[in-house]
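See below for the structure under consideration.
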Amino acid sequence: MTQKRRIPRLLQLALIVIGVYFSFVLVFDVALHQLIPKSLLTMYMLFVVAGVMMVFTFTEEGAQELVGPIKALVEDPSKKMVRNIVFVIVPLLAGYYTYTKMVPSFEAPMELRTIHPAPPGKFKAFGKSFNLTTLENPYRKFQKEDPAKFAELVKAGGNVYIQNCQYCHGDKLDGRGPYASGLNPTPLNFQDVGTIAQLQESFLFWRIATGGPGLPAEAAPWISSMPVWQNFLTEDEIWKVILFLYDYTGRSPRSWANE
Amino acid sequence: MSSVNKIALLAFCTALFMAGSAAAKPGTAAKGKEIYDKRCTWCHGAEGDGGGAAKDRLNPPPRDFTSGNYKIRSSDFADPTPNDDDVFRMIRDGMPGTAMPGWSDLLAEQDMWDLVAYVKSFAKYEKPPAKQVEYGTQIASSAESIEKGKKLFEDGDRCVECHGKTGKGSASKRLKGDAGERTWPRNLTKPWTFRGSNDPKDIYTRISTGIAGTEMPSFADPKSKKKLTDEERWHVANYVASLAKTDKKVNAENTVIKADMVEGELPNTPEDERWEKTTPTTFYTVPQIIGGERYFTPSNDTITVRAMYNNKMVAMLLEWDDRTKSIPGDDNAEKLADAPIAEDGVAVQLPVVIPHEMKKPYFGMGDAANPVNIWHWKSGTKDAAETINLLSSKGFKEIEKRDAAGVGLKAKAIYSDGTWKVIMTRPLTTSAADKDIQFVEGKFIPVAFAAWDGSNNGEKGSKHTMTTWYWLLLKPATGSKPLITALAIAGLFLGGLLWWARSATKKPAA
């Protein structure tokens, strides 16, 4: 036999579809740590199957090769055994699928929320208006100008943090404070590259001063347990705690200057 | 503690056991100081005296290392010196149920050994302990050993005095720690709150050494009237390990309270046997540190909820461990409580309008556009019976008190051995749809809870423990429709396939 052995076309098709399915699951669950909603996955997979079918049946032979094994299964008397098995399994699967679809689901509804919504241009806190595009941390300059003073400011920010924030965000700033597991959504992890390292200090100031209720609707303000800190802290304390967040995690804020 | 952690811990303990203290790399105190000054001073203070900025808002308070007290150690009861391994383990794994986190994800192993050296130096511990806890031969857990352990646990109120008959920590006296803080005897049915672990060997070690800085004594001390032999301590340890209550463990995946549909009358007491058949759902409760007057030192940590409904009413059973039954005016209760005592309480929060989409009322008592109903039960005083209050709230500044009886809201409670059980019932619908939630089966209804321990440090009003939103679902009866449809579909498929095969084989082969 000179002909190269190939994977049958039908099996190829199945392998591709399965491969794509697992890549989706892998990317979402493992890489992004976010469960992909079932309905979304089903829709994606429909597209994938349709697309792959189109490619596979593009030529006449391609189509023939694909349906060949299926036709043989029904027509070829030597495949009787396999046929009987398939004829039992397919209806059972169809029945099972229908059953699971019809039984009402008691799983909690998915709640998708934007974690970092676009901030407003202006916002009100401490009885006055702040312009987010020009707002800067008044203490940031001491990082270069006066490191000793800066260290003191960071320390003062650390004290604010440990007295107010660690319960939720954790004393390692990893979002796993003693009460974090009792909160949904969970407090954010400042060690993660996806949070404060991506943000400007003015954004943090807005988030801290106005808390969960200050969020726009797409971020689901009604479920966020992040307190409204203008009720408990001064402007000064918020700027200092922001210094501490960056200092402790060794990250730097995004700034207009670096854009 | 997750089972993975437990296995890791177990593996670590075994490793230590086999390697002895040879595994302890000598740390350098000077290097330890550098790390300590960045990571640990916030709580433990620059001088190691527990005087960090956090100290007033934590219970248990951050340890004062100058006191030399180590809760988790395996040295002989008479020698307060901890082994390096003991201190290392606490730094690495942290102390569950407290603000003390485990550091292994942020610090290298050598860093942690350096910290051990530095931390120990605050109490001038230089030499290793001269003697270790004696383990004799470990007795494997068995029904017989557990039974013996139970007897010893109860005998002369040995452990019961503090941990209560059922081990939930409903003490017969008020306990204090060395730093003057209120200490709560551990709830032994919640092993994930143990500072050490609930592995029998760990428990054996704790009852052998006692817990330094608290009133938990050593039971290996021959001078103690309640002394236990090695063998007896193994039985007690096996018994304590057997107390782990599983339906009060939080399963983070399970956020839906499923109410079963029942025929006939709903239960009207917490003791009704039918509750046993329902599915319990447990949530963590966290202290209210979000708005108004904040509250930092809770004593309650979970609430377990069950629900049922029929064609007229819905019933919820709320169950939570509370070490003290707080009845103002009652002498016994006053003795155990931090003055001033207040009533115990529990509350259920529900939206007035069941949301269609994601938007819900603000979880902290609703908001102006999205009001909530709050069903608030209070335990009553010596002279007044328990009460149930109905509140309509649009945020914590706009609360309207309403007549609970008017909408048919009722509650009834029992307290026993460190646990409250409160049943609340209400008709599914009321006459005021604009003010009261109208229950509908099959819909996911947001629900949240709060609890008050009136004996703990002035818990009252906005000072309480709470949850964020979860879900209540009146589970519709499934009926036989899905099964019949599924069978029909399977039949159709089979028919189709057979027909295809027949028509194909009839054709002359091409």
Side-chain angles (χ1 to χ4, degrees), chain A residues 71 74-75 77 83 86-88 90-104 106-109 111-113 158-164 166-168 170-172 174 176-179 181-185 191 211-213 217 220-228 231-232 248, chain B residues 38-39 42-43 52-54 57 97-99 101 103 105-106 250 252 255-256 258 283-287 289-291 294 296 358-364 367 370 442 444 467-471 473 475-476 478 481-483 485-487 489-494 497-498 500-501 504-505 507 509:
Chain A
K71 274 174 87 176
V74 185
E75 293 167 7
R83 178 163 66 229
V86 169
F87 278 23
V88 172
V90 170
L92 276 182
L93 280 180
Y96 174 74
Y97 180 77
T98 317
Y99 183 77
T100 50
K101 281 277 124 168
M102 300 262 315
V103 169
F106 301 135
E107 262 175 58
E111 293 186 293
L112 296 171
R113 63 183 283 272
N159 287 343
V160 171
Y161 184 87
I162 211 76
Q163 287 174 353
N164 295 286
Q166 65 89 13
Y167 315 95
C168 299
D171 55 354
K172 293 179 290 178
D174 56 1
R176 289 167 51 199
Y179 303 127
S181 42
L183 302 169
N184 176 22
Q191 301 277 5
W222 47 85
I223 53 176
S224 168
S225 57
M226 171 71 177
V228 180
N231 296 341
F232 301 108
Y248 194 91
Chain B
K38 177 163 164 77
R39 310 279 181 193
W42 310 109
C43 294
R57 288 183 175 174
T98 78
W103 292 89
D105 51 353
L106 209 61
V250 175
T255 56
V256 183
K258 290 165 193 123
F283 306 112
Y284 286 116
T285 54
V286 303
I289 51 174
I290 295 152
R294 291 180 289 168
F296 295 96
M358 225 175 81
K359 188 167 167 53
K360 300 174 196 164
Y362 182 56
F363 77 98
D367 53 79
N370 305 281
F444 285 88
T467 73
T468 48
W469 283 124
Y470 292 101
W471 303 103
L473 176 73
K475 210 166 78 179
T478 310
K481 210 167 131 198
L483 191 64
T485 324
L487 285 176
I489 294 279
L492 274 177
F493 261 77
L494 185 64
L497 284 170
L498 288 175
W500 179 24
T505 41
K507 258 194 301 193

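Residue numbering restarts at 1 for every chain, and letters A, B, ... go by the order of the sequence lines.
Note that CD1 of B/Ile290 and CG of A/Leu183 are 6.5 Å apart. Values are rounded to the nearest 0.5 Å. The structure places OG of A/Ser224 at 7.0 Å from OH of B/Tyr362, a figure rounded to the nearest 0.5 Å. The line from CD of A/Glu111 to CH2 of B/Trp471 is 4.5 Å long, rounded to the nearest 0.5 Å. Atom OH of A/Tyr167 is separated from atom CZ of B/Phe296 by 4.5 Å, given to the nearest 0.5 angstrom. Separation of atoms CZ (B/Phe283) and OG (A/Ser181) is listed at 13.5 Å; rounding is to 0.5 Å.
Using a 4.5 Å cut-off between heavy atoms, A/Phe232 touches chain B through its side chain atoms alone. Contacts between A/Asn184 and chain B at a heavy-atom distance below 4.5 Å involve backbone atoms as well as side-chain atoms. At a 4.5 Å heavy-atom cutoff, A/Thr100 makes no contact with chain B through either its backbone or its side chain. Contact of B/Ala99 with chain A is made through backbone and side chain together, with heavy-atom distances under 4.5 Å. For B/Thr98, the part sitting under 4.5 Å from any heavy atom of chain A is the backbone (N, CA, C, O) and nothing else. Interface remark: A/Pro185 contributes no atoms to any contact with chain B (heavy atom separation under 4.5 Å). Of the atoms belonging to A/Glu107, it is backbone heavy atoms, and not side-chain ones, that fall under 4.5 Å from chain B.
Ranked by heavy-atom pairs shorter than 4.5 Å toward chain B, the options A/Gly212, A/Ala94, A/Pro178 are led by A/Ala94. Most heavy-atom pairs under 4.5 Å with chain A, from the set B/Lys481, B/Lys359, B/Lys38, B/Lys258: that is B/Lys359. When each of A/Ile223, A/Val88, A/Leu92, A/Ile162 is checked for heavy-atom pairs under 4.5 Å with chain B, A/Ile162 comes out on top. When B/Ile489, B/Leu494, B/Leu497 are compared by the number of non-hydrogen pairs under 4.5 Å with chain A, B/Leu497 comes out ahead. Of the listed residues (A/Gln166, A/Lys101, A/Lys172), the greatest number of heavy-atom pairs within a distance under 4.5 Å of chain B belongs to A/Lys172. In terms of heavy-atom pairs under 4.5 angstrom with chain A, the leader among B/Asn370, B/Val256, B/Leu492 is B/Val256. Note on B/Phe493, B/Tyr470, B/Trp42: by heavy-atom pairs under 4.5 Å with chain A, the leading option is B/Trp42.
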Note to self: Please evaluate residues A/Asp171 and B/Arg39 with respect to the criterion side chain to side chain contact (heavy atoms under 4.5 Å, CB included), reporting the C-alpha separation (whole Å), side-chain torsions for both, the decisive distance (0.1 Å), and the verdict.
What the structure shows: CA-CA 8 Å; A/Asp171 55 354; B/Arg39 310 279 181 193; over 6 Å; no
Next item on the list: Before giving the answer on side chain to side chain contact (heavy atoms under 4.5 Å, CB included), spell out for B/Leu473 and A/Phe106 the whole-Å C-alpha distance, their side-chain angles and the decisive distance to 0.1 Å.
Entry: CA-CA 8 Å; B/Leu473 176 73; A/Phe106 301 135; 3.1 Å; yes
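Proximity of a side-chain donor or acceptor of A/Gln163 to a complementary backbone N or O of B/Ala53 within less than 3.5 Å is detected.
When all heavy atoms are compared, the tightest approach of B/Ala490 to A/Gly95 is CB-CA, 4.2 Å. The two residues A/Gly182 and B/Val286 have their closest heavy-atom pair at CA-CG1, 3.8 Å. Minimum heavy-atom separation, B/Phe444 to A/Ala108: CE2-CA, 4.0 Å. Nearest heavy-atom pair, B/Ile289 versus A/Cys168, reported as atom, atom and distance to 0.1 Å: CD1-SG, 4.1 Å. Nearest heavy atom pair, residue A/Tyr99 against residue B/Ala486, reads CB-CB, 3.8 Å.
Residue A/Arg176 places its CZ atom among 12 or fewer non-hydrogen atoms of other residues, nucleotides or ligands, all under 6.0 Å distant.
Between B/Asp367 and A/Pro213 there is no side-chain heavy-atom pair separated by less than 4.5 Å.
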